[in-house]
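To keep things clear, I will list the structure first and then write my remarks on it.
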Amino acid sequence: MAELVEERRKLRRLSKESHPTTASELEAAPYYCYSRHDINNLDDGCLMHIFSFLSPIPDRYNTALVCHRWRFLACHPRLWLRVDRSVRDSSLPGIFPNIETAVSSARPGDTILIAGGGSHRVSNIQIKKPLCLIGAGEIPDDTILTCSRGSDSALEFLSTCKLANLTVRAELGCCLLHRSGRLTIDGCILQCESNPLDHLSYAIVSTASSPRDLPTTLKTNADSVSVLRTRIEGGAKAVLTSGTLTLQQVRVIYSRTSLFFWFNVEQDGSSTPQAPSGEVVVG
């Protein structure tokens with residue numbers, strides 16, 4: 001019996017010594033299969049490295065619900081930045097009082113989590129690096145970005161970016177201005193408030209112009225706008241294009257007060273020349 005116990009201890013010791021437990025060791029053995037017990041033995045750096053590969057919503061968000069340790073690591077500033085007006089201590093790392101400051105401080109590829117509750121004022125914020133902006137509420141209505149009347153747009157995109165679970169409201173002008181890059185809008189609400197100048201209001205305006213003879217292998221890197229499961233309310237048009245991009249793969253669901261859209265705005269692959277400017281009406 002004593003020999004059996006000693007043998008089990010030896011096996012456990014050897015197993016623990018052979019398991020990768022740090023981020024560098026994990027990269028050296030990427031196909032190692034962990035049990036639940038093994039994962040709990042990993043150090044914080046290794047776990048955070050694993051979490052960095054998860055999509056922010058819903059996977060990384062769900063990991064924060066497992067336990068206190070996973071919540072701390074999943075919400076660490078290294079993985080995403082936070083915009084929270086209720087935080088008074090501006091010295092806290094990764095937490096910012098407004099979206100403009102967070103965008104300015106973010107590194108390419110960062111995810112910015114915008115706290116729900118109330119309205120965040122935004123005005124002509126230029127985003128020139130790849131970022132992901134996500135509303136922290138349960139639904140898009142919980143996180144509202146409001147653009148003032150004197151602004152051309154709430155957000156202006158000059159790089160590949162993604163918006164998710166947000167409500168963007170423009171009093172006049174457009175909600176989103178797309179200059180270049182691949183913009184993805186997923187599960188959002190775009191609202192153009194009613195006013196006497198409705199003919200100047202648009203949910204999305206794109207000025208991008210892609211090369212006409214673009215090789216098929218490079219199409220994924222071209223300028224485009226993809227809209228998924230998004231509700232658009234008000235405005236003269238759902239999307240206005242003044243470049244060479246055109247609407248494709250449109251799907252619309254009608255309701256009494258709003259329209260739910262799925263569509264892409266990208267370079268037309270046909271040989272028919274496109275007008276240098278134009279307006280696209282959906283619905």
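Computation of the quantities below employed the complete heavy-atom set of this structure, encompassing side-chain atoms and omitting hydrogens, waters and symmetry-equivalent molecules.
- For the residue pair Asn264 / Gln249, a side-chain donor-acceptor distance below 3.5 Å is found, with atom types taken as modelled.
- Remark: Arg69 pairs with Asp44 by the salt bridge (charged side-chain N to carboxylate O under 4.0 Å, His left out) rule, at least two apart or across chains.
- Interatomic distance, CG of Leu73 versus CE of Met48, reported as 4.5 Å (0.5 Å rounding).
- The distance from atom SG of Cys132 to atom CD1 of Ile134, rounded to the nearest 0.5 Å, is 3.5 Å.
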*List the steps, then state whether side-chain hydrogen bond (donor to acceptor under 3.5 Å, both in side chains) holds for Thr146 with Ser119.*
CA-CA 6 Å; Thr146 302; Ser119 178; 2.5 Å; yes
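- Judged by distance alone, the side chain of Thr230 and the main-chain N or O of Phe261 form no donor-acceptor pair under 3.5 Å.
- Counting heavy atoms from C-beta outward, Cys192 and Cys175 have side chains that approach closer than 4.5 Å.
- Both Val250 and Val227 sit in one connected hydrophobic cluster of ILVMFWY residues. Membership requires side-chain heavy atoms under 4.5 Å apart, directly or through other members.
- At least one donor-acceptor pair under 3.5 Å links the side chain of His120 to the backbone N or O of Ala115.
- Chaining together hydrophobic side chains whose heavy atoms lie under 4.5 Å apart places Trp262 alongside Leu228, Ile253, Phe260.
- Remark: side-chain polar atoms of Ser180 are paired, donor with acceptor, to backbone N or O of Leu158 under 3.5 angstrom.
- Taking OG from Ser151 and CD from Glu171, the interatomic distance works out to 8.5 Å, rounded to the nearest 0.5 Å.
- Judged purely by distance below 3.5 Å, without hydrogens or angles, the side chains of Ser242 and Thr207 never pair a donor atom with an acceptor atom.
- Residues Val252 and Ile232 are members of one and the same hydrophobic cluster, defined by side-chain heavy-atom contacts under 4.5 angstrom among Ile, Leu, Val, Met, Phe, Trp and Tyr.
- Among all heavy-atom pairs drawn from Pro140 and Gly187, the shortest one is CG-O, 3.2 Å.
- Considering only residues two or more places apart in sequence or on other chains, Ser105 meets the side-chain hydrogen bond (donor to acceptor under 3.5 Å, both in side chains) condition with none of them.
- Interatomic distance, His178 NE2 to Leu240 CG, rounded to the nearest 0.5 Å: 13.5 Å.
- The cluster map of Ile, Leu, Val, Met, Phe, Trp and Tyr, joined by side-chain heavy atoms under 4.5 Å apart, puts Leu176 and Ile127 in the same cluster.
- Note on Phe263: it clusters hydrophobically with Phe157, by side-chain heavy-atom contacts below 4.5 Å among ILVMFWY residues.
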*Would you check, one step at a time, whether the test side chain to side chain contact (heavy atoms under 4.5 Å, CB included) holds for Asp110 with Arg107?*
CA-CA 6 Å; Asp110 276 349; Arg107 299 165 299 179; 3.6 Å; yes
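- Taking CD1 from Ile189 and CZ from Arg169, the interatomic distance works out to 9.0 Å, rounded to the nearest 0.5 Å.
- No donor-acceptor pair under 3.5 Å is formed between the side chain of Asn62 and the backbone N or O of Asp59.
- Leu54 places a side-chain heavy atom less than 4.5 Å from the side chain of Thr63.
- Not counting sequence neighbours, the partners of Thr101 by the side-chain hydrogen bond (donor to acceptor under 3.5 Å, both in side chains) test are Asn98.
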*Where do Arg231 and Glu233 land on the salt bridge (Lys or Arg N to Asp or Glu O under 4.0 Å) test, with the steps shown first?*
CA-CA 7 Å; Arg231 190 166 85 233; Glu233 302 175 355; 2.7 Å; yes
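- Counting only heavy atoms from C-beta outward, the side chains of Lys162 and Asp186 approach each other to under 4.5 Å.
- Residues Ile114 and Leu166 form a side-chain contact, since some pair of their non-hydrogen atoms from C-beta on lies under 4.5 Å apart.
- Judged by distance alone, with hydrogens and angles left aside, the side-chain atoms of Lys129 form a donor-acceptor pair with the main-chain N or O of Ala106 at under 3.5 Å.
- Atoms OG and CD1, on Ser123 and Ile99 in that order, are 11.5 Å from each other to the nearest 0.5 Å.
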*Could you go step by step and tell me if Leu113 and Val83 meet the side chain to side chain contact (heavy atoms under 4.5 Å, CB included) rule?*
CA-CA 6 Å; Leu113 187 67; Val83 175; over 6 Å; no
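- Leu163 and Ile139 fall into different hydrophobic clusters, where Ile, Leu, Val, Met, Phe, Trp and Tyr are joined by side-chain heavy atoms under 4.5 Å apart, directly or via other members.
- Contact annotation: the side chain of Pro108 approaches that of Pro130 to within less than 4.5 Å [non-hydrogen atoms, C-beta and beyond].
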*After noting the C-alpha distance and the side-chain angles of Thr143 and Thr167, does the key distance pass the side chain to side chain contact (heavy atoms under 4.5 Å, CB included) rule?*
CA-CA 6 Å; Thr143 310; Thr167 294; over 6 Å; no
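- At a cut-off of 3.5 Å, with distance as the only test, a side-chain donor of Thr244 or Gln267 sits close to an acceptor on the other residue.
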*Kindly indicate, with the supporting measurements, whether the criterion side chain to side chain contact (heavy atoms under 4.5 Å, CB included) is fulfilled by Leu131 and Val103.*
CA-CA 8 Å; Leu131 295 176; Val103 169; 4.1 Å; yes
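- With Asn165 contributing its side chain and Gly135 its backbone, the two residues share a donor-acceptor pair below 3.5 Å.
- Residues Val168 and Gln191 are not in side-chain contact: their nearest non-hydrogen atoms beyond the backbone lie 4.5 Å or more apart.
- Checked against Val265 for a side-chain contact (heavy atoms from CB on, under 4.5 Å), the options Leu245, Asp223, Ile204, Leu183 give a single hit: Leu245.
- By the ring pair (Phe, Tyr, Trp, His ring centres under 6.0 Å) test, Phe96 is found to be paired with no residue, residues two or more places apart in sequence or in another chain being considered.
- Remark: Thr160 pairs with Arg182 by the side chain to side chain contact (heavy atoms under 4.5 Å, CB included) rule, at least two apart or across chains.
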